[in-house]
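Beneath this line is the structure, given in structure tokens, with notes to follow.
Note on naming: letters A, B, ... go to the chains in the order of the sequence lines (proteins, then strands), and numbering restarts at 1 for each one.
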Amino acid sequence: MKSIRTRFAPSPTGFMHVGGVRTALFAWLIARQDPNGKFILRLEDTDQKREVEGSAEHLIKSLRALGIDYDEGPDIGGPYATYRQSERLETYKRWAQKLIDAGRAYADPFSAEEIESFRKKASSEKRAFLYRHHRPENPPAWDGTTPLRFRSDPKSYDWHDEVMGDLHSGPEVIDDIILIKSDGFPTYNFAHIVDDAEMEITHIIRGQEFISSQPNYLNLYEALGLEHPVFATMPHILGESGTKKLGKRDGAKDVLEYINEGFITEALVNFIASLGWNDGTEQEIFSRNELIAKFSLDRVGRSGARFDEQRLLWMNGQWIRRLTLDDLFDRAEDFWPAAAKRADIETKKHVLNLVQDRLKTLADLPTITSYFFEEPVPNWQMVSDNKQLGKLSRQEIKDLLTAAQNALNECEFDAESLQNTLNKLLITTDQKPAILFSLIRLAVSWAPFSPALNETLAIIGKDMVNIRLQTAIKTA
RNA sequence: GGUCUCAUCGUCUAAUGGUUAGGACACCAGGUUUUCAUCCUGGCAAUCCGGGUUCAAUUCCCGGUGAGAUCACCA
């Protein structure tokens, strides 16, 4: 059997959003399931007007960040180079010439205005506009300055799509599509078919927006004498609120933005894969390798899925908890609060270990760790808002904190000794943990929550704890 | 408007011609924990509507309805 070759073929006209990632991911998974499979990146940069500076680099960076590696591509070359359509113009001309020679392509003699008036007439008569109804009798020879059109052969088609199942269309959707634009660049409609054939692509995985053009592509494959690849059409990912295709307006975010917000790539990949796909079991968390082992196109759902950030957040937490401390430490590097710069690696690892279960994203790191690295600002509102502590008088608070300060001054600052000291303090002050420990916790951290009190004190250290308790007693 | 596609808890989804329609997120309650988080237990909550086929339909068929896609010298 032929080795699988799949491709991701974006146009460099914008950023990489989750819909694009999913298409790329599924194509990549299919390729990686075959030991000899190849995944190819091809840039479809045939629209000069819409090209956005830097977006090709951005696409590449996004794929790399997510671990979706490709075997052939514009920046790494490969046996079918070049992988940039703007550099393959001669190839398209060659294939176009075949069609011209066979009488299956002709120069479009009409101006844009003329075509527009045909279109308007059709719409005023409530008919669908078809260019082929205006196909010229004796078109001029094509000199490259006008669009080159396909001379279509309208007919019905039945074809299979790995995701959508068996599909059908009638002849009324087949038209004389443009192959080469008047600027000499091919249209997507023509270029992707030529390139997929030249690059021996076996599976086309693409978004739903192409499904209605599929019959025209089938017609073109026939005219070119080509077998078509396997088709797999993905339903769209819908925006959070609405029911529309996910677009920038609906808050569709660049994947790199998610990474900058502290989402880890395993979680993003896992989440995006599970949008429309599952393996039929109750498993929710899939590693990259599990996805490769278990993915199949025929288990991809046909209806659009909404992008639910809550679920992504949960999944990110799940993945963070699964990381080893060293791995987490490496990934967290850019997320520490500024004050942590001075701290040594061991302390930071210790802190990270204590807060690992509490992180939903790496970006949570500053808010839940900053008091380990710098003086927190006392916020007595937190005490008065506390159901238990709010009942204490100022004097009671001062007395409890002073007792704590004295006891802790006599204590070795390791977690075990601290726990013993704290337990004894409960007895001598005759207080409940919910009151005494909460008060100490707030006085040294002024954070809404923190790890276990003894561990927290141990990291902050004896001197700093003393200073913070002193400050608290003074400001109470 | 033409064409195509889709339709299970609020969300992501599983399953089946006969099930108490399963799981996960979110939410609520309880347990554990000094707090928060984690973890554990429980709860809430769904087959779009109408016909037909059938002993039996959420599942198959037809028709509605709703949603999405497309109808470019964009991809």
Side-chain angles (χ1 to χ4, degrees), chain A residues 9-14 44-47 49-50 108 112 115-116 119 122-123 125-130 146-149 161 164-165 167-170 172-173 175 177-189 191-192 206-215 233 235-236 238 240 242-245 271 274-285 299 301-315 317 321 355-360 364 368 382 386 388-389 422 426 431-442 445 447-454 456:
Chain A
S11 67
T13 51
E44 311 231 315
D45 55 346
T46 55
D47 186 348
K49 290 186 287 289
R50 296 206 317 158
D108 179 349
I115 292 173
E116 191 49 39
R119 188 173 284 129
S123 95
E125 291 167 6
K126 299 240 178 217
R127 287 185 294 111
F129 168 75
L130 283 171
T146 63
L148 182 71
R149 281 193 186 260
D161 186 286
M164 291 300 177
L167 300 172
H168 173 84
S169 70
E172 69 281 357
V173 298
D175 199 9
I177 55 175
I178 289 176
L179 305 173
I180 310 256
K181 299 179 274 186
S182 58
D183 64 3
F185 282 74
T187 57
Y188 166 84
N189 300 141
H192 88 273
R206 61 170 43 133
Q208 208 186 48
E209 64 270 28
F210 295 104
I211 206 164
S212 52
S213 321
Q214 194 73 275
T233 304
H236 281 140
L238 311 172
E240 188 93 48
T243 44
K244 277 188 175 167
K245 175 184 166 187
F271 177 74
S274 69
L275 232 41
W277 175 86
N278 72 84
D279 72 343
T281 72
E282 289 177 358
Q283 185 170 350
E284 307 279 347
I285 304 295
R299 286 200 63 88
R302 297 180 192 176
S303 56
R306 227 162 276 193
F307 190 92
D308 181 6
E309 271 198 45
Q310 286 285 2
R311 199 174 147 79
L312 171 59
L313 212 51
W314 166 78
M315 200 169 267
R321 266 163 247 145
V355 302
Q356 183 163 12
D357 282 354
R358 292 171 170 77
L359 291 172
K360 285 246 189 278
D364 294 340
I368 62 177
M382 295 177 84
N386 183 293
Q388 307 256 26
L389 300 179
L422 289 168
L426 283 176
Q431 281 296 348
K432 288 181 190 153
I435 291 175
L436 180 67
F437 291 177
S438 295
L439 184 61
I440 299 172
R441 200 182 63 74
L442 281 172
S445 72
F449 50 86
S450 62
L453 183 55
N454 61 329
T456 305

Tell me whether the OP1 or OP2 atom of B/U13 has a side-chain N or O from A/Asn278 closer than 4.0 Å.
no

From A/His192 NE2 over to A/Ser213 OG, what is the distance, rounded to the nearest 0.5 angstrom?
8.5 Å

Work out how far the C1' atom of B/C25 is from that of B/A46, and round it to whole angstrom.
15 Å

Can you tell me which nucleotide in B/A7, B/G68, B/U35 comes closest to the side chain of A/Phe449?
B/U35

Run A/Met164 and A/Ile211 through side chain to side chain contact (heavy atoms under 4.5 Å, CB included) and show every step you take.
CA-CA 10 Å; A/Met164 291 300 177; A/Ile211 206 164; 3.9 Å; yes

Base of B/C12 paired with side chain of A/Arg306 (donor-acceptor, under 3.5 Å)
no

For the OG1 atom of A/Thr456 and the CZ atom of A/Arg441, what is their distance to the nearest 0.5 Å?
8.0 Å

Considering every strand shown, what is the Watson-Crick or G-U wobble mate of B/G1 when both distances are under 3.5 Å?
B/C71

Can you check the distance between B/A45 and B/G23, where both ends of the measurement are the P atom (answer in whole Å)?
14 Å

Please check the phosphate of B/U35 (OP1 and OP2 only) for any side-chain N or O of A/Arg441 closer than 4.0 Å.
no

If you look at every strand shown and take non-hydrogen atoms under 4.0 Å, does A/Phe271 touch a base, only sugar-phosphate, or nothing?
nothing

Measure the distance from CE on A/Met382 to C1' on B/C36 and round it to the nearest whole Å.
10 Å

Whole angstrom value for the distance that separates P of B/A14 from CZ of A/Arg302:
12 Å

Within the structure shown, what part of the strands sits under 4.0 Å from A/His192 by heavy-atom distance: base, sugar-phosphate, or nothing?
nothing

When you compare B/G17 with B/A57, how far apart are their P atoms, in angstrom units rounded to a whole number?
14 Å

Using the C1' atom in both, what is the distance from B/U20 to B/A15, to the nearest Å?
14 Å

Output, in order, the C-alpha distance, side-chain angles, deciding distance and verdict of side chain to side chain contact (heavy atoms under 4.5 Å, CB included) for A/Glu284 and A/Arg311.
CA-CA 11 Å; A/Glu284 307 279 347; A/Arg311 199 174 147 79; 2.7 Å; yes

Taking the side chain from A/Ser438 and the backbone from A/Ile435, do they hold a donor-acceptor pair closer than 3.5 Å?
no

Using the P atom as the point on both nucleotides, what is the distance between B/C27 and B/C36, in whole Å?
15 Å

When rounded to whole Å, the CG to C1' distance for the pair A/Leu442 and B/U35 reads 8 Å

Once you round it to whole Å, what is the distance between P of B/C39 and CD of A/Gln356?
12 Å

Base, sugar-phosphate, or nothing: which does A/Gly207 touch, judged by heavy atoms less than 4.0 Å apart?
nothing

Determine the contact category for A/Leu167: base if any of its heavy atoms lies under 4.0 Å from a base atom, sugar-phosphate if only primed atoms, P, OP1 or OP2 are that close, otherwise nothing.
sugar-phosphate

Side chain of A/Leu275: nearest nucleotide among B/C6, B/U38, B/C12?
B/C12

Run the numbers on A/Asp45 and A/Phe185 for side chain to side chain contact (heavy atoms under 4.5 Å, CB included), then give the verdict.
CA-CA 9 Å; A/Asp45 55 346; A/Phe185 282 74; over 6 Å; no

Under 4.0 angstrom, heavy atoms only, what part of the nucleic acid is A/Pro235 near: base, sugar-phosphate, or nothing?
nothing

Specify the separation, in whole Å, of atom CD1 of A/Ile368 and atom C1' of B/U38.
12 Å

Can you work out whether A/Ala452 or A/Glu44 has the more 5'-proximal nearest nucleotide on RNA chain B?
A/Ala452

Quick one: which of B/U35, B/C12, B/A14 gets closest to the side chain of A/Arg299?
B/A14

Protein-nucleotides 20-27 of chain B N/O pairs under 3.5 Å:
residue	atom	partner	partner atom	Å
B/G22	O2'	A/Glu282	OE2	2.9
B/G23	O4'	A/Glu282	OE2	3.2
B/A24	O4'	A/Glu284	OE2	2.7
B/A24	O2'	A/Arg311	NH1	3.0
B/A24	N3	A/Arg311	NH1	3.4
B/C25	OP1	A/Trp314	NE1	3.3
B/C25	O2'	A/Arg311	N	3.4

With a 4.0 Å cut-off on heavy atoms, is A/Ala447 in touch with a base, just the backbone sugar-phosphate, or nothing at all?
nothing

Under a 3.5 Å cut-off for both distances, is B/C39 Watson-Crick or wobble paired, and to whom?
B/G31

Within this structure, what is the CE-to-P distance between A/Met164 and B/U70, rounded to whole angstrom?
13 Å

Across all strands, who's sitting opposite B/U47 as a Watson-Crick or G-U wobble pair, both distances under 3.5 Å?
none

At under 4.0 Å between heavy atoms, how does the protein contact nucleotides 40-49 of chain B? Give one character per nucleotide, 5' to 3', with B, S or -.
----------

Could you tell me how far apart A/Asp279 (CG) and B/A15 (P) are, to the nearest whole angstrom?
10 Å

Both distances under 3.5 Å, Watson-Crick or G-U wobble: report the partner of B/C60, or none.
B/G52

After noting the C-alpha distance and the side-chain angles of A/Phe449 and A/Ile368, does the key distance pass the side chain to side chain contact (heavy atoms under 4.5 Å, CB included) rule?
CA-CA 8 Å; A/Phe449 50 86; A/Ile368 62 177; 3.3 Å; yes

Look for any protein N or O under 3.5 Å of an N or O in nucleotides 71-74 of chain B and output each such pair with its distance, or none.
residue	atom	partner	partner atom	Å
B/A72	OP2	A/Arg119	NE	3.0
B/C73	O2	A/Ser182	N	2.8
B/C73	O2	A/Ser182	OG	2.7
B/C73	N3	A/Ser182	OG	2.9
B/C74	OP2	A/Lys181	NZ	2.9
B/C74	O2'	A/Asp47	OD2	3.0
B/C74	O2'	A/Arg50	NE	3.3
B/C74	O2'	A/Arg50	NH2	3.0
B/C74	O2	A/Arg50	NH2	3.4

For the P atoms, the ones on B/C4 and on B/G64, what distance do you get once it is rounded to whole angstrom?
13 Å

Atom OG1 of A/Thr13 and atom NZ of A/Lys49: how far apart are they, to the nearest 0.5 Å?
13.0 Å

One should read off an interatomic distance between A/Lys360 NZ and A/Leu312 CG, to the nearest 0.5 angstrom, of 11.5 Å

P atom, B/G50 versus B/U38: distance in rounded Å?
42 Å

Take atom CD of A/Gln208 and atom C1' of B/A67, then tell me their distance rounded to the nearest Å.
11 Å

In whole Å, what separates the C1' atom of B/C9 from that of B/U58?
14 Å

Which value, rounded to the nearest 0.5 Å, describes the distance between A/Ile285 atom CD1 and A/Trp314 atom CH2?
4.5 Å

Measure the spacing between OG1 of A/Thr187 and CD1 of A/Ile180 and express it to the nearest 0.5 Å.
7.5 Å

When both hydrogen-bonding distances must be under 3.5 Å and the geometry is Watson-Crick or G-U wobble, what is B/C6 paired with, if anything?
B/G66

